Amino acid sequence: MIVKHKRTAPYIAIAAVLIVVLLFVPFPQGTSLKAVVTASNHFQVLSNGNGAYSTFHKDLWKNRTLSSRSLVPDRGGLVTYNVNPGLSQGLVKAGDTLASVYSSTLADKIVSLEGNINTLMASLEFERSGSKDTEIEAARLQLTYARARLEEQQKILERSKSLLEGKIIPQQEYDIEVRRERLDAIRVSIAEADLGSALSGAQTRKLDVFRAQIVDEEKKLAVARDVLDHMTLVTPLSGKLLFPLSEDTLMSIEQVDTLVAVLPIQGGSHSTIEWTSQLTLIGPNFQQIVTSDQMQVDDHILKVGSEQLILVRIRIDNSEGLLVPGQIVEASVKFSSKSVIQMLKELF
C-alpha cells in the first residue's frame with residue numbers, strides 16, 4: 001500500500017528555496033589573520049667595523065629611508081665612539097645628544113686649516129700696511145738702478161755705432177747691443193710701475209692672491225667643521241631608546257606613540273577586502289576598529305614558498321602605550337559578500 005503525504009510538496013519547495021539562497025544569494029565572509037606591530041619610525045646607530053659608523057632614519061609607515069649618514073675614517077687615523085654617559089634605556093626627546101665620534105685625522109685637518117688661515121691673514125695685513133714704507137724705498141732704488149743701467153747701455157750703443165761705421169765690429173755685435181738697450185728700457189718702465197704701485201698702496205694682485213687663498217681655506221675649514229658637527233649624533237625623533245644585543249647595532253630609537261601593524265594577506269584576496277568596512281585589531285587589553293584611511297597596501301608582491309603575499313600597513317594610535325613593537329595582534333578582516341556560485345566561478 002502506498003501512503004501519500006500531503007506535506008511533501010511544501011518541504012520540496014522550502015528545500016528548493018534554500019538551495020537557491022545558498023547558491024545565488026551572497027553572504028558575508030570573514031577571516032582572522034595575524035599582524036606584527038612595529039614602530040612607525042626608527043633611528044639606528046650602526047658600527048660597520050674598522051672604525052666606520054653609520055646612522056639610518058626610516059619611516060616604516062611610508063616604508064622609506066628618510067636619511068642616512070656614514071663616517072669612513074682615513075686609514076691610520078684614531079677613531080673613537082663615545083656614548084653620552086647620561087643615557088639609559090627609556091624615553092628620549094628629539095634633539096637629545098646620543099653619542100659622539102672622534103677622528104684624529106679630522107682634528108689634525110682642522111688645526112692645520114686654522115693655522116693656514118691665521119698665517120695668510122697675517123701676511124695680508126703685512127702686505128697691506130706694515131711694509132709700505134719699505135716697499136716704496138725699494139721701488140725707488142730699483143728705478144734708480146734701472147735708469148742708470150739704461151743710460152750706461154745707451155752710451156755703449158753710441159760707441160758700438162761708431163765702431164760699426166768704422167767697420168771695426170760686425171753688424172751682429174751691434175744688434176746685440178741694440179737688444180740690450182731695449183731690455184733696459186723695459187726694466188725702467190717696470191720699475192716706474194712698481195714705484196707707482198707702492199706709492200698708491202695698491203698691490204692689488206698680490207693682495208687678491210692672499211684673499212683668494214684665505215677664502216679657499218675658510219671653505220675647507222667650514223666643510224671640516226660641518227663633518228665634525230655631524231659626528232655628534234643627535235636623535236631626530238622622540239621615542240624609546242634601546243641598546244640591542246647585536247654588536248653591529250649600537251643603539252636604536254623607536255617612535256612608539258604611533259605604531260604600524262604589518263598584516264600579510266594572500267595576494268589574490270586583498271581586492272575582496274572591504275576597505276570601507278570595519279577591520280578590528282585585537283590584542284591583550286587592546287581592541288581597535290581600523291578605518292580605511294589608517295591603511296595602505298604595498299605596491300609589490302612578496303613570494304613566500306608557493307604563496308604570494310601582499311603587505312597591508314595599518315597605523316595605530318598607541319598614545320596609551322597598550323602595544324609594544326614586536327607584538328603580534330589578531331586582525332579580524334571582513335571580505336566582500338559572495339554566493340556559492342561566485343566562489344565556484346573563481347575556483348574554476
Side-chain angles (χ1 to χ4, degrees), residues 34-107 224-264 281 283-286 288 298 311 313-329:
K34 300 295 183 182
V36 180
V37 176
T38 67
S40 57
N41 276 263
H42 73 196
F43 179 77
Q44 290 182 314
V45 180
L46 307 178
S47 173
N48 302 331
N50 298 323
Y53 298 91
S54 58
T55 62
F56 292 91
H57 181 196
K58 189 168 185 179
D59 184 343
L60 296 176
W61 164 244
K62 296 181 179 179
N63 193 29
R64 66 182 182 183
T65 299
L66 300 178
S67 66
S68 64
R69 295 182 306 186
S70 296
L71 169 66
V72 181
D74 292 335
R75 184 170 297 178
L78 173 65
V79 178
T80 59
Y81 170 82
N82 305 296
V83 68
N84 183 355
L87 283 181
S88 60
Q89 291 199 153
L91 296 178
V92 293
K93 295 181 180 179
D96 286 351
T97 299
L98 303 175
S100 62
V101 181
Y102 169 81
S103 168
S104 62
T105 303
L106 181 61
R225 284 175 173 168
D226 184 60
V227 173
L228 182 63
D229 290 340
H230 283 87
M231 289 168 64
T232 300
L233 306 180
V234 177
T235 170
L237 54 89
S238 300
K240 189 175 182 180
L241 171 66
L242 301 171
F243 294 99
L245 296 177
S246 169
E247 295 181 357
D248 296 334
T249 304
L250 301 176
M251 67 175 67
S252 64
I253 298 171
E254 298 178 336
Q255 186 174 347
V256 293
D257 56 349
T258 301
L259 299 177
V260 174
V262 180
L263 178 65
L281 294 178
N285 302 318
F286 172 83
Q288 188 173 117
D298 281 2
L311 294 181
R313 299 178 187 273
I314 305 170
R315 188 165 48 193
I316 305 171
D317 180 13
N318 192 46
S319 55
E320 296 182 4
L322 300 178
L323 298 174
V324 295
Q327 187 173 347
I328 296 178
V329 295

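Nothing here was measured: the structure is a model prediction, and the numbers come from that model.
- Note that CD of Glu320 and CG of Asp257 are 12.5 Å apart. Values are rounded to the nearest 0.5 Å.
- Here the two rings, on Tyr53 and Tyr81, have centers that are under 6.0 Å apart.
- Across all non-hydrogen atoms, the minimal contact from Val262 to Pro264 is O-CD, 3.5 Å.
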Between Leu259 and Gln327, does the side-chain contact (heavy atoms from CB on, under 4.5 Å) criterion hold? Intermediate values first, please.
CA-CA 11 Å; Leu259 299 177; Gln327 187 173 347; over 6 Å; no

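- Asp248 is linked by a side-chain hydrogen bond (donor to acceptor under 3.5 Å, both in side chains) to nothing, counting only residues two or more places apart in sequence or in another chain.
- Side-chain contact check for Pro284 versus Phe286: every heavy-atom pair is 4.5 Å or farther apart.
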After noting the C-alpha distance and the side-chain angles of Leu323 and Leu281, does the key distance pass the side-chain contact (heavy atoms from CB on, under 4.5 Å) rule?
CA-CA 11 Å; Leu323 298 174; Leu281 294 178; over 6 Å; no

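- Contact between Gln288 and Arg315 at its shortest, heavy atoms only, is OE1-O, 4.5 Å.
- Not counting sequence neighbours, Tyr102 has no partner by the ring pair (Phe, Tyr, Trp, His ring centres under 6.0 Å) test.
- Put simply, the side chain of Leu263 does not reach to within 4.5 Å of the side chain of Val36, judged on heavy atoms.
- When atom types are taken as modelled, the side chain of Asn84 and the backbone of Thr97 share a donor-acceptor pair closer than 3.5 angstrom.
- Side-chain atoms of Ser40 come within 3.5 Å of backbone atoms of Thr258 as a donor-acceptor pair (strictly under, hydrogens ignored).
- Side-chain atoms of Thr235 do not come within 3.5 Å of backbone N or O of Asp96 as any donor-acceptor pair.
- Summarising the geometry of Phe243 relative to Leu250, their closest heavy-atom pair is CD2-O, 3.5 Å, with the distance given to 0.1 Å.
- If you take CG on Asn41 and NZ on Lys62, they are separated by 9.5 Å, rounding to the nearest 0.5 Å.
- Proximity of Leu233 to Thr55: side-chain heavy atoms (C-beta onward) are separated by under 4.5 Å at one or more points.
- A 4.5 Å side-chain heavy-atom check between His230 and Arg69 finds at least one atom pair inside the cut-off.
- Between the side chain of Arg313 and the backbone N or O of Leu60, at least one donor-acceptor pair lies under 3.5 Å.
- Counting non-hydrogen atoms of other residues, nucleotides and ligands closer than 6.0 Å to CG of Asp229 gives a total above 12.
- Looking at Asn318, its side chain does come within 3.5 Å of a backbone N or O of Leu322 through a donor-acceptor pair.
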Is there a side-chain contact (heavy atoms from CB on, under 4.5 Å) between Val45 and Thr249 once you walk through the steps?
CA-CA 6 Å; Val45 180; Thr249 304; over 6 Å; no

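- Residues satisfying the side-chain contact (heavy atoms from CB on, under 4.5 Å) test with Glu254, not counting sequence neighbours, are Ala39, His42, Leu242, Val256, Pro325.
- Between the Ser238 side chain and the Ala94 main chain, a donor and an acceptor come within less than 3.5 Å of each other.
- Here the straight-line distance linking atom CZ of Arg64 with atom CG of Asp59 works out to 6.5 Å at 0.5 Å rounding.
- In this structure, Ser104 contributes its side chain and Leu78 its backbone to a donor-acceptor pair below 3.5 Å.
- For the atom pair CE (Met231) and CZ (Arg225), the distance works out to 14.5 Å, reported to the nearest 0.5 Å.
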Val37 and Val329: side-chain contact (heavy atoms from CB on, under 4.5 Å), yes or no, with the steps?
CA-CA 7 Å; Val37 176; Val329 295; 4.0 Å; yes

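- The two residues Leu241 and Ser88 have their closest heavy-atom pair at CD2-O, 3.5 Å.
- Atom OG of Ser252 and atom CG of Leu46 lie 9.5 Å apart (nearest 0.5 Å).
- In terms of heavy-atom proximity, His57 sits nearest to Pro236 at ND1-CG, 3.7 Å.
- Between Lys58 and Asn63 the shortest side-chain heavy-atom distance falls below 4.5 Å.
- With values rounded to the nearest 0.5 angstrom, Leu98 atom CG is found 6.0 Å from Phe43 atom CZ.
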